[in-house]
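A short write-up of the structure that comes next.
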Protein chains: 2
Amino acid sequence: MEQTLSPTGGQSLLFLTDEQLRKGIEAMFFAYQGFTADPDRILAEKGYGRAHHRAVHFINRSPGTTVNNLLSILGVTKQSLNRVLRTLIEDGLVSSEVGKSDKRERHLFLTEDGKALEKELSDAQRDRMRAAYRLAGPEAVAGFRQVLEAMMDPEMRRRYDALSERLRD
Amino acid sequence: MEQTLSPTGGQSLLFLTDEQLRKGIEAMFFAYQGFTADPDRILAEKGYGRAHHRAVHFINRSPGTTVNNLLSILGVTKQSLNRVLRTLIEDGLVSSEVGKSDKRERHLFLTEDGKALEKELSDAQRDRMRAAYRLAGPEAVAGFRQVLEAMMDPEMRRRYDALSERLRD
DNA sequence: GAATATACGTCAGTGTTGTTGACATTCCAA
DNA sequence: TTGGAATGTCAACAACACTGACGTATATTC
């Protein structure tokens, strides 16, 4: 609330000025800092980093996913992901099961401990997101999502959409 | 367009469900990848990284800013910023002038070459932002900004607002 | 004027995370 | 069955963030 001043200046035809665009760029930068701040704090205590968070998040989202699948979602090299995955497996947060039909594949699951960490992290992140959503209101949230989705690379957009195929939005 | 299906499901009271929040989190993650992809490509060619981009961006935004000021905006350590600044000064993209009233301070400016790089980078980033804005429409952009602003840490929000104090939105 | 604080720069050490290269295993198709 | 492609692992290296300690110049305070 108190948000009576429209952040776009209220002009419907001037919303593509360079200054508007620059402001949007800066908003992304500062907001992303806030977006990662809370999980980062928790992760640092436990000796993990953002890469661990991302892995845990998407394994939780798609239990049984393969390493390769996870790789394409995260957009990093398999070696990079592997380092993270190894520590998570060693620490008993993730379990890796050899595929039944294709024994080359490893299917990834969160253990109970892994689920606990995932919950701790996403609770923190969701709290902030919830507060922002509540402050901005449903229509702003719809716009927020629309712009973000339009900003994605087509390939990433596909993967993003695929995540909610089963789960209804 | 074609965005007739509202990303919030159209329900004004369901925009705070865990699934909605999770979707927002993932949207931030994937969108940020797109957000940085174009500048990253340009930077990689020239042997620079995101840190250089950020420095150049904010020096351009506030010419004559001091090192300390830049430090607090970027939220990094001075050692980290110094490494970046040193290479930018060596390469002739940034100039550093001893302060007149306080000779301890260094005021930072972009040289012509620095301005050229800044333009190249922000043109690329703005193009994507512009496309996303155009696709989503003015109202979505307003919501986008509202949510992002609500997501910032208060301290960062202050700095974000301060950037456009002179320039009218 | 002396002590203290501030602004900036630098050196050394560490950790996370990305990269490439080499390699083992498994699957599949010629 | 053999060779190529796919999957995943191990090792070494680079980029870039961080902390801690220190040096220098300047400003401020007592």
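Everything numeric in this text was worked out from a predicted model, so none of it was measured.
Ring centers of Phe58(A) and Phe29(B): under 6.0 Å apart, within the cut-off.
A tilted orientation is assigned to the rings of Tyr48(A) and His52(A), their planes being inclined by 30° to 60°.
A donor and an acceptor atom, one from each side chain of His53(A) and Glu118(A), are nowhere located under 3.5 Å apart. A donor-acceptor pair shorter than 3.5 Å can be found between the side chains of Arg50(A) and Thr36(A).
Atom CZ in Arg41(A) sits about 15 Å away from atom P in dC18(D), given to the nearest Å. Spacing between atom CG of Asn82(B) and atom P of dC16(D) amounts to 14 Å, rounded to whole angstrom units. Rounded to an integer number of Å, the gap from CG of Asn68(B) to P of dT26(D) is 17 Å. One can place NE2 of His53(B) at 17 Å from C1' of dC16(D), the figure rounded to the nearest angstrom. The separation between Leu108(A) atom CG and dT9(D) atom P is 8 Å, rounded to whole Å. In this structure, CG of Asp40(A) is placed 13 Å from C1' of dC18(D), rounded to the nearest angstrom. The distance between atom CD of Glu105(A) and atom C1' of dT25(C), rounded to the nearest whole Å, is 13 Å.
Under a cutoff of 6.0 Å and an axis angle of 45°, Lys23(A) and Tyr160(B) form a cation-pi pair.
The main-chain N or O of Phe144(A) is never found under 3.5 Å from a side-chain atom of Glu149(A) such that the two would form a donor-acceptor pair.
Counting only heavy atoms from C-beta outward, the side chains of Leu163(B) and Ser62(B) approach each other to under 4.5 Å.
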Pairs: protein N or O with nucleotides 14-20 of chain C N or O, under 3.5 Å:
{"residue": "dT16(C)", "atom": "OP1", "partner": "Gly47(A)", "partner atom": "O", "Å": "3.3"}
{"residue": "dT17(C)", "atom": "OP1", "partner": "Arg50(A)", "partner atom": "N", "Å": "2.6"}
{"residue": "dT17(C)", "atom": "OP1", "partner": "Ala51(A)", "partner atom": "N", "Å": "2.9"}
{"residue": "dT17(C)", "atom": "OP2", "partner": "His52(A)", "partner atom": "ND1", "Å": "3.2"}
{"residue": "dG18(C)", "atom": "OP1", "partner": "Arg54(A)", "partner atom": "NH2", "Å": "2.7"}
{"residue": "dG18(C)", "atom": "OP2", "partner": "Ser80(A)", "partner atom": "OG", "Å": "3.3"}
{"residue": "dG18(C)", "atom": "O5'", "partner": "Ser80(A)", "partner atom": "OG", "Å": "3.4"}
{"residue": "dG18(C)", "atom": "N7", "partner": "Arg83(A)", "partner atom": "NH2", "Å": "2.5"}
{"residue": "dG18(C)", "atom": "O6", "partner": "Arg83(A)", "partner atom": "NH2", "Å": "2.8"}
{"residue": "dT19(C)", "atom": "OP2", "partner": "Thr77(A)", "partner atom": "N", "Å": "2.9"}
{"residue": "dT19(C)", "atom": "OP2", "partner": "Thr77(A)", "partner atom": "OG1", "Å": "2.9"}

Quick one: which protein N/O atoms are closer than 3.5 Å to N/O atoms of nucleotides 26-30 of chain C? Pair and distance per line, please.
{"residue": "dC27(C)", "atom": "OP1", "partner": "Lys103(A)", "partner atom": "N", "Å": "2.8"}

Report the C-alpha distance between Arg128(B) and Asp153(A) in whole Å, list the side-chain angles of each, state the deciding distance to 0.1 Å, and finish with yes or no for salt bridge (Lys or Arg N to Asp or Glu O under 4.0 Å). CA-CA 10 Å; Arg128(B) 184 185 291 252; Asp153(A) 269 335; 3.1 Å; yes
